[in-house]
Student: 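Supplied in structure tokens, the structure appears directly below.
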Amino acid sequence: MYQRRHQRSPQALVKDYTFLDTGVRVDVAPLVDELAGVALPYLDSVWKWHRGTRFCILRAGPRGAMPGDELLTGHGVDAPILAELPRLRAVLDGALGFRAPMAWIGLSPANSAIRMHVDNTQHWDEHHRLHIPLVTSPGARLGVVRRFHHFPAGHLFAFNNSRPHGAINDGPPRIHLVFDVPAGPAIEALLAAGTHVEGELDERALTRLSEDPLADLTPEERGSPALMHRFLHQ
């Protein structure tokens, strides 16, 4: 999967699901309207598997050496843009039955791919990954190992990011609200009440997502020593 070996955290969570539909449904239309009314400070992804996608941090850790390092440095620090998004902030602060200490908006452009990888930091080992699709289409699917699944807008779901995973978007731009949450009574109850989803086999999609994520680097990317150092050590 073109990534370094990973030493799992001693406190790594047991994730006994591939895809999990929590059964929670969210009316995302007001959230989408709110997002349309602000200029989101999107960042180009600095993770090689996500090249070509963009993200907007809502709540994460302190600023790091490079843009996006906030997703590795801790949690609980609100990004300035969150003050302009009261509806989204209410979701993060407990409207779903739990508080999200880390959250961001993920944008996958039309006809994009996130290559197969494992989230290989101990910080990510210790959190469950939850998504709410805000804007999506049936061509936008997540993959875990060999299985792929599309979740409709407004469905709160978990997927196992400790196993090889990626995403493929054969449709128009896809926007997800993403949370990283630690274990706790509310989260454990949420996951225990969910429905396991196996997903469908798709060898074509798997082949596409298994390609070397650095095979098509741009001259600008190759010309950035800091970015190349980061890519090559991921």
Side-chain angles (χ1 to χ4, degrees), residues 8-35 55-62 68 70-106 118-136 140 142 144 147 149-163 165 167 174-199:
R8 280 174 60 78
S9 167
Q11 287 78 48
L13 300 179
V14 175
K15 301 176 184 179
D16 61 351
Y17 49 82
T18 299
F19 306 102
L20 186 78
D21 185 348
T22 68
V24 174
R25 302 292 182 260
V26 178
D27 179 7
V28 298
L31 304 180
V32 173
D33 287 346
E34 184 173 72
L35 290 172
F55 64 102
C56 173
I57 294 172
L58 302 176
R59 179 179 289 157
E70 295 94 323
L71 298 178
L72 303 173
T73 58
H75 52 75
V77 178
D78 287 355
I81 190 64
L82 196 56
E84 301 180 44
L85 301 168
R87 293 170 179 166
L88 265 173
R89 184 167 192 159
V91 172
L92 271 56
D93 284 347
L96 299 175
F98 61 89
R99 186 178 189 276
M102 292 183 62
W104 61 95
I105 300 291
V118 171
D119 286 352
N120 59 346
T121 73
Q122 295 196 350
H123 177 79
W124 284 325
D125 290 339
E126 297 167 6
H127 291 75
H128 292 285
R129 176 69 51 81
L130 306 178
H131 281 234
I132 300 176
L134 300 178
V135 177
T136 190
L142 269 74
V144 177
R147 299 281 176 172
H149 191 70
H150 165 75
F151 279 91
H155 288 220
L156 175 65
F157 71 94
F159 81 96
N160 192 339
N161 63 332
S162 66
R163 304 183 71 193
H165 66 277
R174 182 214 80 175
I175 300 174
H176 279 199
L177 175 60
V178 187
F179 312 97
D180 272 355
V181 293
I187 294 300
E188 297 307 318
L190 178 75
L191 298 178
T195 301
H196 290 258
V197 178
E198 186 176 21

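The residues of the chain are indexed from 1 along the displayed sequence.
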Student: With a 4.5 Å cut-off on side-chain heavy atoms, are L142 and F157 touching?
Tutor: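 The answer is yes; the side chains approach within 4.5 Å.
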
Student: At what distance, to the nearest 0.5 angstrom, does CG of L85 lie from SG of C56?
Tutor: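 These two atoms lie 7.5 Å from each other.
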
Student: Are any non-hydrogen side-chain atoms of R89 and L58 less than 4.5 angstrom apart?
Tutor: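 R89 does not reach L58 side chain to side chain.
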
Student: Checking side-chain contact (heavy atoms from CB on, under 4.5 Å) against L96, which of T22, L190, L130, V26 comes through?
Tutor: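 It is V26; the other options fail the test.
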
Student: Applying ring-ring contact (aromatic ring centres under 6.0 Å, His included), can you list everything that pairs with H149, at least two apart in sequence or on another chain?
Tutor: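 By the ring-ring contact (aromatic ring centres under 6.0 Å, His included) rule, H149 matches F19, F151.
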
Student: With rounding to the nearest 0.5 Å, note down the distance linking CD1 in I81 to CD1 in I57.
Tutor: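 So the gap between those two atoms works out to 12.5 Å.
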
Student: Please report, to 0.1 Å, the donor-acceptor pairs under 3.5 Å made by any side chain of residues 175-183, with sequence neighbours excluded.
Tutor:
from, atom 1, to, atom 2, distance (Å)
H176, ND1, H131, ND1, 2.8
D180, OD1, R129, NE, 2.4
D180, OD1, R129, NH2, 3.4
D180, OD2, W124, NE1, 3.3
D180, OD2, R129, NH2, 3.3

Student: If you compare all heavy atoms of A153 against all heavy atoms of V28, which two are closest, and at what distance to 0.1 Å?
Tutor: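 It is CB-CG2, 4.1 Å.
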
Student: To check you understand the geometry: which heavy-atom pair defines the closest contact between A60 and L71, and what is its length?
Tutor: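 Distance-wise, the nearest heavy atoms are CB-CD2, 3.9 Å.
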
Student: For a quick test of reading the model, state the closest non-hydrogen atom pair linking G74 to M102 and the distance between them.
Tutor: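 What the structure gives for the nearest pair is O-SD, 3.5 Å.
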
Student: Does H196 have any ring-ring contact (aromatic ring centres under 6.0 Å, His included) partners at least two apart in sequence or in another chain, and if so, which?
Tutor: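 Partners of H196 under the ring-ring contact (aromatic ring centres under 6.0 Å, His included) test: none.
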
Student: Sequence neighbours left out, what passes ring-ring contact (aromatic ring centres under 6.0 Å, His included) with H150? Give chain and number order.
Tutor: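 Result, ring-ring contact (aromatic ring centres under 6.0 Å, His included) vs H150: none returned.
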
Student: Please check this pair: side chain of R147 against backbone of T18, looking for a donor-acceptor N/O pair closer than 3.5 Å.
Tutor: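 Pair absent, no side-chain N/O of R147 close to backbone of T18.
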
Student: Determine whether a donor-acceptor pair (N or O, by modelled atom type, separation under 3.5 Å) exists between the side chain of E34 and the backbone of R87.
Tutor: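 Yes, the answer is positive, given that a donor and an acceptor are paired below the 3.5 Å cut-off.
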
Student: What are the two closest heavy atoms between I187 and H128, and how far apart are they?
Tutor: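 Nearest heavy atoms, I187 then H128: CG2-CD2, 3.8 Å.
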
Student: Count the heavy atoms belonging to other residues, nucleotides or ligands that lie under 6.0 Å from CZ of R8, then report whether that count exceeds 12.
Tutor: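 Correct, the count exceeds 12.
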
Student: Identify, with sequence neighbours excluded, every residue that meets salt bridge (Lys or Arg N to Asp or Glu O under 4.0 Å) alongside R59.
Tutor: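 Salt bridge (Lys or Arg N to Asp or Glu O under 4.0 Å) check on R59 returns D78, D93.
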
Student: What heavy-atom pair brings F55 and W104 nearest, and what distance separates the two atoms?
Tutor: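 Scanning both residues completely, I find the closest heavy atoms to be CB-CD1, 4.2 Å.
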
Student: Using the rule given for side-chain contact (heavy atoms from CB on, under 4.5 Å), can you reason through K15 versus N161, listing the C-alpha separation, both sets of side-chain angles and the distance that settles it, and then say yes or no?
Tutor: CA-CA 9 Å; K15 301 176 184 179; N161 63 332; 2.6 Å; yes

Student: Who pairs with R25 by side-chain hydrogen bond (donor to acceptor under 3.5 Å, both in side chains), at least two apart in sequence or on another chain?
Tutor: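 Scan of R25 (side-chain hydrogen bond (donor to acceptor under 3.5 Å, both in side chains), adjacent residues dropped) gives D21, H155.
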
Student: For L92 and L82: C-alpha separation, side-chain torsions, deciding distance, then whether side-chain contact (heavy atoms from CB on, under 4.5 Å) applies.
Tutor: CA-CA 10 Å; L92 271 56; L82 196 56; 4.1 Å; yes

Student: Can you name the nearest heavy-atom pair linking A158 to L191, along with the distance?
Tutor: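 That would be CB-CD2, 4.0 Å.
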
